[in-house]
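One structure below.
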Amino acid sequence: MNQSTSLIALKTIWIKECTRFLRIWVQTLVPPAITMTLYFVIFGSIVGERIGQMSGVTYMEFIVPGLIMMSVITNSYSNVASSFFSAKFQRNIEEMLVSPVSTPVIIAGYIGGGMARAMIVAVIVTAVSFFFVDNVHLEHPLYVVLTVILTSTLFSLGGLANAVFAKTFDDISIVPTFVLTPLTYLGGVFYSVSLLPDFWQGVSMANPILYMVNGFRYGFLGQADVPIGVAMAVLIGFNIAFFVLVYRLLSKGVGIRS
Amino acid sequence: MNALEISGLEKVYKGGFKALKGIDFSVKEGDFFALLGPNGAGKSTTIGVISSLVNKTAGSVKVFGYDLDTQLMELKRQIGLVPQEFNFNQFETVRQIVVNQAGYYGVPRELAHQRAEKYLTQLGLWEKRDEPARSLSGGMKRRLMIARALLHEPRLLILDEPTAGVDIELRRSMWDYLTRLNKEGITIILTTHYLEEAEMLCRNIGIIDAGQIIENTSMKRLLATLSQETFILDVEASDKQPSLEGFATRWTDEHTVEVDVDKNAGLNGVFEQLSAHGIKVLSMRNKANRLEELFVNLVEKGRQQGTGGAA
Ligand SMILES: Nc1ncnc2c1ncn2[C@@H]1O[C@H](COP(=O)(O)OP(=O)(O)O)[C@@H](O)[C@H]1O
Ligand SMILES: [Mg+2]
C-alpha cells in the first residue's frame, strides 16, 4: 500500500470511528458531562469550600485538571475497547482484515477515534468547569496539549489491547472498573501526593496515571508533584511499549484470526 | 494465467482438528468455478485461508501470481470476498458500509461514492442507501455484501454460499447478476452445497469432502461421469477377454470385468455381447464410488431443502 492509499484508509477508519461515537452521543458524550458536573458540585463547591487551599490554589482549581484527565482516560479507553470489541463481535473487523490496510494504519485509525472522543469530552468538561472556577490558569498550554495527546493515545492503545483479549462484553469493563478507576483515584486527582506519608508517596510514584495527572496540572497551574520532564518521559515510554504490544497482537491475529 | 493456485494446503484448527488435509486446485482467469461439498467439508476454511481470515498450517496460495506469504497486500487487492455469515456493522447504513470498505482499499472517497451508487443500484439497494443494515431483509443483506465486495473492482470475486437462505426468485436474479459479472471479465469462485447451483452457473468444479479435493474437472465431464454407472461382473473363467462395443470395459482378472454403463442405455447390450462370446455371467454388483455417494447425498439434500425442483 503506498502513502496516499494508506492515508485514505486511515481517514476512513477515523471517520468511521468518529461517526460511531457521535451516533451514540447519549452514551458517549453526555455521561461524562453529567458525572463531571457532579464532581464539580460535590467536591469543588460543597466539600471544597471547607478544604480551602491545596498546593496554593483553591481546591476547585486544583481538581479541574485531574478531572479533565480522568475523563480523557476513561473515554479514550472505552471508546476503542468497545468499538474494537464490537467489531470483533459483529465480525465486521473482517472488513479490515481482508483489505490491504496495514496494521499500523488500523491502530492509528482507532487511536484517532479514541483521541477525538477524549478531546471532545475534555472540551465539554473544561466548559463545565468554567461555571465553577472564577479565574482559569493556563500556564503552559503546550504541556496541556501534549499531555492530552499522549494520554489519549496511551489509553486508546490500552483499550485496543483489552478488546483483543476480550471474549465477552464483560471483559471490556473489568479493566476500567478494577484497574483504571482505582489508579485514577490514587493518582492525585483529588489530592496532592505531597500530603501523603513518605512510604505512600513512594508507592504512588509507581502509578503511571499520577504522571499524567501531574503533567496536566503542571500545564494548567505551573506546578506539580513530579517534574514535567519525568512526566513526559513516562508517558512516551508507556506509549511506545503499548504500541509494540498491540502491533504484535494484531499482526499475529490474536483473537481475530483462527 | 491462473486466478488462483492452491497447493498442498493444510489447516489444523486450534484443538487439533484437521479441516484441510492437503488440497490442490487451480482456477483459470475468467473462469466461473464452483467449490462444491457437503457441510463441514472445508469450503469456508479454504475461502478463509485465501482471504487471509484463517491462518494456514501448510501449503501455498497464489492469486493472479501473488503469493499469500510474500505478497499479501497485492494479493488482497485482487480479491472481493462475500463471506458466508453476515459480517457488517448492523448499525451502519448501507452506503457507509460500502464506502468505508472502498476506503480500506484506498479508493478515494468521491470515486467510492460514485461506485456505491453504481453497484447499489445494480443490486437493487440504492433506495435503501441510508437505512441501517439491520433493517434489511436477509436477501438484501446478502446483496449488500456483494456490493461491498465489488467497490474496489476486484479481479476475483469469491462467494461463500451466496444463495443460502435466499428465496428462489432472488436466487435467480443473483445468478443472472453473477453471470453478467463473469461475462464482464471477473473470475468467480463460489462455494455451494447445491449441485444444481453449480450446474447452472459454473464451467469448472472442484469437489471437496472431509478436507480433501476428490474431483477437479469441468462441469460437462462431471455430469458425463455422473450419468454413468460402473458394474463389476463375475464371470466363469474364460481365455477370451473381449472389449464390449459401446461400453468402456476393463478386465481386472480372467473372471472379473468392470463395465461403465450409461444410465439410459440399459444393461441388455452387455449381456447380449457376453453371451455372444460364450461367456457366462455368474453375478453382478454395483461398484461403490465415493463421488457417486457424495452426489446422491448432495442431490437428496438439495431436494429436501427445496432447491431440486426449482432449478
Ligand atoms: N474455528 C474453528 N475451530 C475449530 N474447528 C473449526 C473451525 N471452523 C471450522 N471448523 C471445522 O472445520 C470443518 C470445516 O468447516 P468449514 O470450512 O466451515 O466447512 P464448510 O464451509 O464446507 O461447511 C468443520 O468440521 C468445522 O466444524
Ligand atoms: Mg461454509
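Considering only heavy-atom pairs separated by less than 4.5 Å from chain B, the leading option among A:Gln90, A:Met96, A:Arg23, A:Lys16 is A:Gln90. When A:Leu97, A:Asn92, A:Ile15 are compared by the number of non-hydrogen pairs under 4.5 Å with chain B, A:Asn92 comes out ahead. Contact count versus chain A (heavy atoms, under 4.5 Å) is highest, among B:Gln96, B:Glu74, B:Lys76, for B:Lys76.
Using a 4.5 Å cut-off between heavy atoms, B:Phe91 contacts chain A through both its backbone and its side chain. Contacts of A:Lys252 with chain B are made by backbone atoms alone, with heavy-atom separations under 4.5 Å and no side-chain atom involved. Contact annotation for B:Gln90: both backbone and side-chain heavy atoms come within less than 4.5 Å of a heavy atom of chain A.
Applying a 4.5 Å heavy-atom cutoff, none of the residues of residues 140-147 of chain B approach chain A. For residues 107-120 of chain B, a heavy-atom distance under 4.5 Å to chain A picks out B:Val107, B:Pro108, B:Arg109, given by residue number. Among the residues in residues 40-66 of chain B, those with a non-hydrogen atom closer than 4.5 angstrom to a non-hydrogen atom of chain A are B:Ser51, B:Ser52, B:Leu53, B:Val54, B:Asn55. Inspection of non-hydrogen atoms places B:Lys11, B:Tyr13, B:Lys14 of residues 3-19 of chain B under 4.5 Å from chain A.
Proximity of B:Tyr105 to A:Ile8: side-chain heavy atoms (C-beta onward) are nowhere separated by under 4.5 Å. You'll find the side chain of B:Ile97 reaches within 4.5 Å of the side chain of A:Glu95, heavy atoms only.
Within 6.0 Å of CZ in A:Phe40 there are more than 12 heavy atoms belonging to other residues, nucleotides or ligands. Summarising the local packing, NZ of A:Lys11 is surrounded by 12 or fewer heavy atoms from other residues, nucleotides or ligands at distances under 6.0 Å. The local environment of OH in A:Tyr247 is sparse, with at most 12 non-hydrogen atoms from other residues, nucleotides or ligands closer than 6.0 Å. Heavy-atom neighbours of A:Phe89 CZ from other residues, nucleotides or ligands within 6.0 Å: at or below the threshold of 12.
In plain terms, the two heavy atoms of A:Thr12 and B:Tyr104 that are nearest each other are CG2-CE2, 3.8 Å.
Distance CD/A:Glu94 to CG/B:Leu81: 8.0 Å, rounded to 0.5 Å. In this structure, the separation between CG on B:Leu151 and OG on A:Ser99 is 12.5 Å, given to the nearest 0.5 Å.
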